[in-house]
2 protein chains.
Amino acid sequence: MLSSVIFYSLDKAIRQYRRMAQANIDRAGVTISIDQWLVLRVIQETDDLTQTDIAERVFKDQASVARMIRLLLERGLLLAEPLPHDGRRTQLRVSAEGQRTLDAVEPVVLSNRAVALDGLSENDLNTLRYLLERIARNCGAPTPAT
Amino acid sequence: MLSSVIFYSLDKAIRQYRRMAQANIDRAGVTISIDQWLVLRVIQETDDLTQTDIAERVFKDQASVARMIRLLLERGLLLAEPLPHDGRRTQLRVSAEGQRTLDAVEPVVLSNRAVALDGLSENDLNTLRYLLERIARNCGAPTPAT
DNA sequence: GGTGGTTGTATGATGTATCATATAGATGTA
DNA sequence: TACATCTATATGATACATCATACAACCACC
């Protein structure tokens, strides 16, 4: 039955977390999706990444990142200016408004994590991380039949 | 940094798994998404469920399930006939074609799971399941501020 | 200084996620 | 029976996921 399959538990956990997290962000009066927030945060930390770099960091597709960046630009949370030495790229920067959003979301995210991980010890988390990374690695191998 | 946050590991694991799983289904020559497959399988097991019931079982939204069922009907993998005692619902059944698809996908799914869980003991799986269910439960509580 | 391969970005197509809402059938109750 | 309410389904709107492709800028090399 479904509940015995680990991937349903996985799916369920991440889904419930995302719902809870988004609901709390909404309730805090901030208008941003957790995916956009994630991209914004990565750009804040390191602002000379290509879209492909960003996509790798957040485990998403370059196409998805491109569209999220477009939305963030349209919403004024991100600024872009052309890069002189590479006509394909633009220099992305978090705008003041974007910074305000990040600041507003930060405590909510921390609280979300605390709620989600309530009752789990440091040890549990390490175990969980280890097992999840193992699964990801197992699945990450390209097609063996070449 | 991102890698230290458990939810990125979670997200990464499930994403890698889904990519691998879908790629293997595609390679087997079957044209179905793993989400559609899941819905089809639930209907095969129990064919008198409402869309809301199905949605609950697969941890999805009723709206998503409605659209997946529409696609499955359009593709002829599912059959619907009106229910005499309830004009809102239809009786859903897996078609012969749908059954063939399920049969074709089954071994691929089993193999996918084996690949993904390679190196994890029964004990690891129980731990993992327990921790994931705990997280899901932690996140499942409705808004506390009422 | 062309030319071919690579890289960075954008976008089309299709499917799923989520919320909100619409609609119609079913049901309970005054 | 009439009405309010609930239930089952459908759908609009917006966003993300994924693959494929387009295209322009870059770069190496002859």
Side-chain angles (χ1 to χ4, degrees), chain A residues 11-12 14-27 31-40 43 48-56 58-75 77-78 80 82-92 139 143, chain B residues 11-12 14-27 31-40 43 48-56 58-75 77-78 80 82-92 139 143:
Chain A
D11 211 55
K12 185 161 86 174
I14 195 80
R15 220 179 277 271
Q16 297 270 58
Y17 174 70
R18 291 176 74 92
R19 275 183 215 175
M20 186 267 284
Q22 187 67 59
N24 285 337
I25 289 174
D26 293 349
R27 214 171 21 240
T31 309
I32 193 172
S33 74
I34 47 183
D35 291 302
Q36 286 171 23
W37 168 78
L38 186 51
V39 168
L40 194 58
I43 293 173
D48 62 343
L49 298 172
T50 66
Q51 289 186 2
T52 310
D53 293 334
I54 297 173
E56 262 175 39
V58 299
F59 317 126
K60 289 179 190 300
D61 195 273
Q62 175 266 326
S64 301
V65 170
R67 288 180 240 247
M68 284 190 262
I69 286 177
R70 186 164 53 71
L71 283 177
L72 289 169
L73 287 169
E74 284 170 9
R75 292 182 184 176
L77 305 185
L78 214 50
L83 269 179
H85 65 284
D86 192 334
R88 296 167 300 180
R89 303 180 45 191
T90 58
Q91 171 76 42
L92 295 174
C139 297
T143 62
Chain B
D11 210 57
K12 184 160 86 173
I14 195 81
R15 220 179 276 272
Q16 297 271 56
Y17 174 69
R18 292 175 74 92
R19 274 182 215 174
M20 186 267 284
Q22 188 66 60
N24 285 337
I25 290 175
D26 293 349
R27 209 164 32 233
T31 309
I32 193 172
S33 74
I34 48 184
D35 291 300
Q36 287 171 22
W37 168 78
L38 186 51
V39 168
L40 193 58
I43 293 172
D48 61 342
L49 298 172
T50 67
Q51 289 187 1
T52 309
D53 293 334
I54 296 173
E56 263 174 38
V58 300
F59 318 127
K60 290 178 189 300
D61 194 272
Q62 176 266 326
S64 301
V65 170
R67 288 179 240 247
M68 284 190 260
I69 287 177
R70 186 164 54 70
L71 282 176
L72 289 168
L73 287 169
E74 285 170 8
R75 293 183 183 176
L77 305 185
L78 214 51
L83 270 178
H85 66 283
D86 192 333
R88 297 166 299 180
R89 304 181 45 193
T90 58
Q91 172 74 43
L92 294 174
C139 296
T143 62

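In what follows, every chain begins at residue 1, and chains take the letters A, B, ... in the order their sequences are listed. Only heavy atoms go into these numbers, but all of them, side chains included; no hydrogens, no water, no symmetry mates.
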Does [X] make a side-chain N or O approach to OP1 or OP2 of [N] shorter than 4.0 Å?
X	N	answer
A:Q51	C:dA10	yes
A:S64	D:dA17	yes
B:Q36	C:dT16	yes
A:K60	D:dC16	no
A:S33	D:dA15	no
A:R19	C:dA17	no
A:R18	C:dT18	no

Taking for each residue the nucleotide of DNA chain C with the nearest heavy atom, is it A:D53 or B:R75 whose nucleotide lies nearer the 5' end? A:D53
Nearest-nucleotide 5' precedence on DNA chain C, A:L49 against B:G87: A:L49
Presence of salt bridge, A:R67 and A:D35, under 4.0 angstrom: no
So, B:D61 and A:R15, do they make that salt bridge, N to O below 4.0 Å?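 Result for this pair is no, no salt bridge flagged.
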Taking for each residue the nucleotide of DNA chain D bearing the nearest heavy atom, is the 5' side occupied by A:D86 or by A:V65? A:V65
Establish whether the base of [N] is bridged to the side chain of [X] by a donor-acceptor pair shorter than 3.5 Å.
X	N	answer
B:R88	C:dT27	no
B:R67	C:dT18	yes
B:Q62	D:dA10	yes

Using whole Å, what does the distance between atom [atom2] of nucleotide [N] and atom [atom1] of [X] come to?
X	N	atom1	atom2	answer
B:M68	C:dT18	CE	P	10 Å
A:L73	C:dA10	CG	P	9 Å
B:L83	C:dA26	CG	C1'	13 Å
B:E56	D:dA8	CD	P	10 Å
A:I69	D:dC16	CD1	P	12 Å

Quick one: label A:L71 by what it contacts on the DNA or RNA (base, sugar-phosphate, nothing), any heavy atom closer than 4.0 Å.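 Here A:L71 touches the backbone only, sparing every base.
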With sugar-phosphate meaning primed atoms plus P, OP1 and OP2, does A:D35 contact a base, only sugar-phosphate, or nothing at under 4.0 Å between heavy atoms?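 Sugar-phosphate contact only.
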Checking contacts here: which listed nucleotide ([options]) is nearest the side-chain heavy atoms of [X]?
X	options	value
A:R70	C:dC19, C:dT11, C:dA26	C:dT11
A:A66	C:dA26, C:dA10, D:dC16	C:dA10
B:T50	D:dA24, D:dA15, D:dA8	D:dA8
A:A63	C:dC19, C:dT9, D:dC19	D:dC19

Distance, nearest 0.5 Å, that separates [atom1] of [X] from [atom2] of [Y]:
X	Y	atom1	atom2	answer
B:I43	B:I69	CD1	CD1	4.5 Å
A:L72	A:Q36	CG	CD	5.0 Å
B:L38	B:K60	CG	NZ	6.5 Å

